[in-house]
Trainee: 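For reference, the structure I am asking about is given below.
What you see below is based on every heavy atom in this structure, not just the backbone, and it leaves out hydrogens, waters and symmetry mates. This structure is a prediction, so every number in the text was calculated from the model and none was measured.
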Amino acid sequence: MSARRLAEFKSGLKTKDGREGTAKRRDATNARRRAKRNDALALKRINYDLSEGSADVAAPISHLGDEQLAQLMASVAEKLAAKATRSDALKKLRVYFTQGHRCISAFLGVEGAMNTVIALLEPLDTKLDACWCITNIAAGSSDQTREAAKASAHLFMLLQSESEMLREQAAWALGNIAADGPELRDQVIAQGGLPALHAALEGASATVAKQVWFATSHLVRGEGVPMADLLQQNLAENACTSLVTYSQEPSVLSEIYWTLTFVTARNPAGSAHVVCLGFLPLATAHMEACVASQFHLPDLAVAIVRTIGNIVACTEEEEVFAHLLADDATFLSSLSTFISSDHVALQLEAAWTLSNIAGCQPHHAEALVHAGFVQLLLPLLDLSIDHQREVSYVMLNIAGQQPEAMRFLVECDVAPAMLALLTTVEIELVLNALHFLGLMCQVGPDVRQAIDVNFVDALETLQYHDNPRIAELAQNIYDAHFQMDDEAGDDEAPLAFQDPSVSYPESRLQAPAFDF
């Protein structure tokens with residue numbers, strides 16, 4: 001199945017069933033993605049008041065010392081307790097909370113201050129501003145978010161409000177609470193968070209839907225998510241319905257697709273369920289809209305491509321690939337545009353998805369070749385380490401399918417760019433280059449002749465590499481194909497190279513040739 005396929009082409013490790021190496025690459029990739037995503041979330045979680053005149057509500061306070069700030073927050077807390085001044089005090093407080101965690105800490109340091117804000121979620125004239133303040137408290141540190149979580153019961157009540165602004169703000173606050181980590185996320189789930197949030201979608205505007213799906217994405221994010229239980233609560237069905245309902249709202253679509261990236265990640269059952277709901281036609285249509293510049297939101301395209309990449313990595317169902325790789329399919333043409341764009345994250349996601357497709361069946365790799373992806377990806381091997389990593393996997397997976405695939409890559413001058421990775425300091429890239437070199441040597445003398453002598457010198461040097469995997473693999477290749485043994489006869493057959501890290505089944509070398 002897919003796990004074996006991914007292990008075969010991507011592991012770089014000798015393990016009992018090949019999954020250890022797949023997991024290491026997946027975890028390293030996910031760590032890079034999480035870092036980038038968390039940077040975006042750090043800004044996204046705060047609700048800035050951008051309405052006219054909001055800047056005049058409260059003066060900047062970043063210059064205040066700790067003592068002055070504490071005095072100011074004590075004064076604000078005192079005004080919150082008085083009916084005549086509480087409304088104005090709340091408006092100032094929600095602006096103050098956008099100016100940094102120091103202000104939130106100073107306010108929470110006032111005895112009873114948080115309880116006062118929670119109590120103000122009840123009166124009609126203070127509900128919205130109090131909820132806004134809690135949203136921004138929950139955007140603070142973990143301790144601050146725990147304080148905001150004390151208001152969860154009230155936030156669930158506000159999700160049922162007829163006011164769209166209140167529903168939007170309550171969903172936003174719950175999203176911030178769930179985003180803090182597994183403990184608070186699981187608390188929101190246990191309180192019935194998913195059905196409560198999705199009930200708020202009934203007749204909801206795009207602004208409400210965006211925050212509902214933002215919150216939902218954090219209910220399914222991270223380790224230990226009870227995904228099977230959430231899927232039983234119609235998570236995937238509601239997502240696909242919302243993809244149709246809000247098909248012209250890119251900011252909403254982005255949140256839905258990010259939710260689905262977590263649903264489909266390392267989850268064959270979840271991926272299959274999403275596909276059965278008609279996800280692929282919706283996703284490819286939205287990709288086409290991104291290409292047509294109808295949606296000016298690269299983050300949306302990244303989320304769509306990642307979700308499809310997750311599905312491809314979890315399935316071998318031919319129906320999935322038939323939809324994506326059909327001659328008239330928009331998927332491949334959209335990916336071509338993404339790779340040609342200037343958006344690095346989008347280029348990397350597209351290449352990662354292509355590597356999963358190329359590593360499945362020979363005719364899938366052939367479809368990518370005929371679509372021109374080899375020529376399109378080749379220049380990316382001269383760019384960043386991230387580009388080299390993702391593109392090298394695409395080339396390696398294509399090369400590993402059958403001998404004619406490797407011959408085609410050699411004709412396209414892929415070999416020099418791939419073998420140049422032998423001299424990089426990145427372990428993963430060196431291993432990919434060695435695997436590629438080993439495959440070149442296996443195909444035949446005609447392909448082996450394309451190996452420049454400088455790369456042979458690099459191979460010889462790698463036999464003494466500090467990394468034992470690299471050293472062993474380099475020595476095996478060198479001994480099998482480049483060792484000059486004076487005692488061996490000229491007609492003696494070369495040693496059969498066996499890659500100690502990757503399994504190359506015989507069926508791959510016996511498969512029908514590509515129709516290039």
Side-chain angles (χ1 to χ4, degrees), residues 42-159 161 163-177 179-180 184 207 211 215:
L43 296 175
K44 188 175 183 180
R45 293 170 67 182
I46 298 173
N47 190 355
Y48 293 94
D49 189 350
L50 302 179
S51 59
E52 185 177 355
S54 61
D56 300 326
V57 172
I61 58 175
S62 58
H63 64 286
L64 297 180
D66 290 345
E67 185 175 346
Q68 292 174 301
L69 188 58
Q71 291 174 353
L72 175 62
M73 291 299 105
S75 174
V76 172
E78 183 179 350
K79 292 177 181 178
L80 288 177
K83 187 174 182 178
T85 56
R86 67 189 185 188
S87 181
D88 288 340
L90 275 174
K91 286 180 169 57
K92 287 186 177 181
L93 194 61
R94 76 185 200 188
V95 176
Y96 286 148
F97 285 169
T98 66
Q99 299 184 40
H101 296 180
R102 285 181 62 241
C103 181
I104 297 175
S105 294
F107 179 78
L108 295 178
V110 178
E111 185 176 357
M114 188 65 204
N115 290 335
T116 301
V117 173
I118 293 175
L120 293 177
L121 290 169
E122 297 287 348
L124 186 62
D125 64 326
T126 58
K127 283 183 178 183
L128 179 60
D129 289 324
C131 192
W132 196 318
C133 288
I134 289 171
T135 297
N136 285 348
I137 291 173
S141 67
S142 186
D143 287 341
Q144 293 164 357
T145 305
R146 290 177 185 279
E147 289 296 311
K150 296 176 181 178
S152 294
H154 294 80
L155 297 175
F156 283 119
M157 292 295 295
L158 294 179
L159 283 176
S161 171
S163 167
E164 286 227 327
M165 294 183 71
L166 279 174
R167 280 188 287 163
E168 175 195 5
Q169 205 59 237
W172 195 334
L174 287 168
N176 281 350
I177 292 169
D180 186 70
L184 291 182
T207 55
Q211 298 308 329

Trainee: Rounded to the nearest 0.5 Å, how far apart are CG of Leu64 and SG of Cys103?
Mentor: 9.0 Å
Trainee: Please report the shortest heavy-atom distance between Ser161 and Leu166, naming the atom on each side.
Mentor: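 Result for this residue pair: OG-CD1, 3.5 Å.
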Trainee: Which is it for Leu69 and Arg102 under the side-chain contact (heavy atoms from CB on, under 4.5 Å) test, yes or no, and what are the steps along the way?
Mentor: CA-CA 8 Å; Leu69 188 58; Arg102 285 181 62 241; 3.8 Å; yes
Trainee: Measure the SG-CG distance between Cys133 and Leu80 for me, rounded to the nearest 0.5 Å.
Mentor: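 Rounded to the nearest 0.5 Å, the SG-CG separation comes out at 7.5 Å.
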Trainee: Are any non-hydrogen side-chain atoms of Leu128 and Gln169 less than 4.5 angstrom apart?
Mentor: yes
Trainee: Counting the benzene-type ring for Trp, do Phe97 and Phe107 have ring centres under 6.0 Å apart?
Mentor: yes
Trainee: How long is the straight-line distance from NZ of Lys91 back to CZ of Arg94, given to the nearest 0.5 Å?
Mentor: 6.0 Å
Trainee: If you draw a 6.0 Å radius around CD in Glu78, do more than 12 non-hydrogen atoms from other residues or ligands fall strictly inside?
Mentor: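 Result for CD/Glu78: open.
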Trainee: Could you give the distance from CD (Glu111) to OG1 (Thr116), rounded to the nearest 0.5 Å?
Mentor: 10.0 Å
Trainee: Shortest non-hydrogen contact from Asn176 to Thr145?
Mentor: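 Nearest pair, atom of Asn176 first, then Thr145: O-CG2, 4.0 Å.
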Trainee: For Val95 and Thr98, work out which heavy atoms get closest and say how close.
Mentor: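 Heavy atoms only, the tightest pair is O-OG1, 2.6 Å.
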Trainee: Starting at NZ of Lys83, measure out to OG1 of Thr126 and round the result to the nearest 0.5 Å.
Mentor: 10.0 Å
Trainee: Which atoms form the tightest heavy-atom contact between Ala170 and Leu155, and what is the distance?
Mentor: CB-O, 3.5 Å
Trainee: Side chains of Leu121 and Ile134, heavy atoms from C-beta outward: is any pair under 4.5 Å?
Mentor: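 They are in contact (side-chain heavy atoms under 4.5 Å apart), so the answer is yes.
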Trainee: Is Asp125 paired with Arg86 through a side-chain N to carboxylate O contact shorter than 4.0 Å?
Mentor: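 Yes, this pair counts.
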Trainee: For Gln211 and Leu174, what are the C-alpha separation, side-chain angles and deciding distance, and is it a side-chain contact (heavy atoms from CB on, under 4.5 Å)?
Mentor: CA-CA 9 Å; Gln211 298 308 329; Leu174 287 168; over 6 Å; no
Trainee: If I compare all heavy atoms of Asp180 with all of Ser142, which pair ends up nearest, and what's the gap?
Mentor: OD2-OG, 3.0 Å
Trainee: When rounded to the nearest 0.5 angstrom, what is the spacing between CG in Asn136 and NE2 in His101?
Mentor: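 Asn136 CG to His101 NE2: 9.5 Å, rounded to 0.5 Å.
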Trainee: Side chain to side chain contact (heavy atoms under 4.5 Å, CB included) with Cys131: which of Val117, Leu120, Leu158, Leu90?
Mentor: Leu158
Trainee: Quick one: do Ile137 and Met114 satisfy side-chain contact (heavy atoms from CB on, under 4.5 Å)? Show the steps, please.
Mentor: CA-CA 10 Å; Ile137 291 173; Met114 188 65 204; 3.8 Å; yes
Trainee: Provide the closest heavy-atom pair for Ala106 versus Met73 in the form atom of the first, atom of the second, distance.
Mentor: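 Nearest pair, atom of Ala106 first, then Met73: CB-CG, 3.6 Å.
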Trainee: Hey, mind stepping through Lys79 and Asp88 against side-chain contact (heavy atoms from CB on, under 4.5 Å) and telling me if it holds?
Mentor: CA-CA 9 Å; Lys79 292 177 181 178; Asp88 288 340; over 6 Å; no
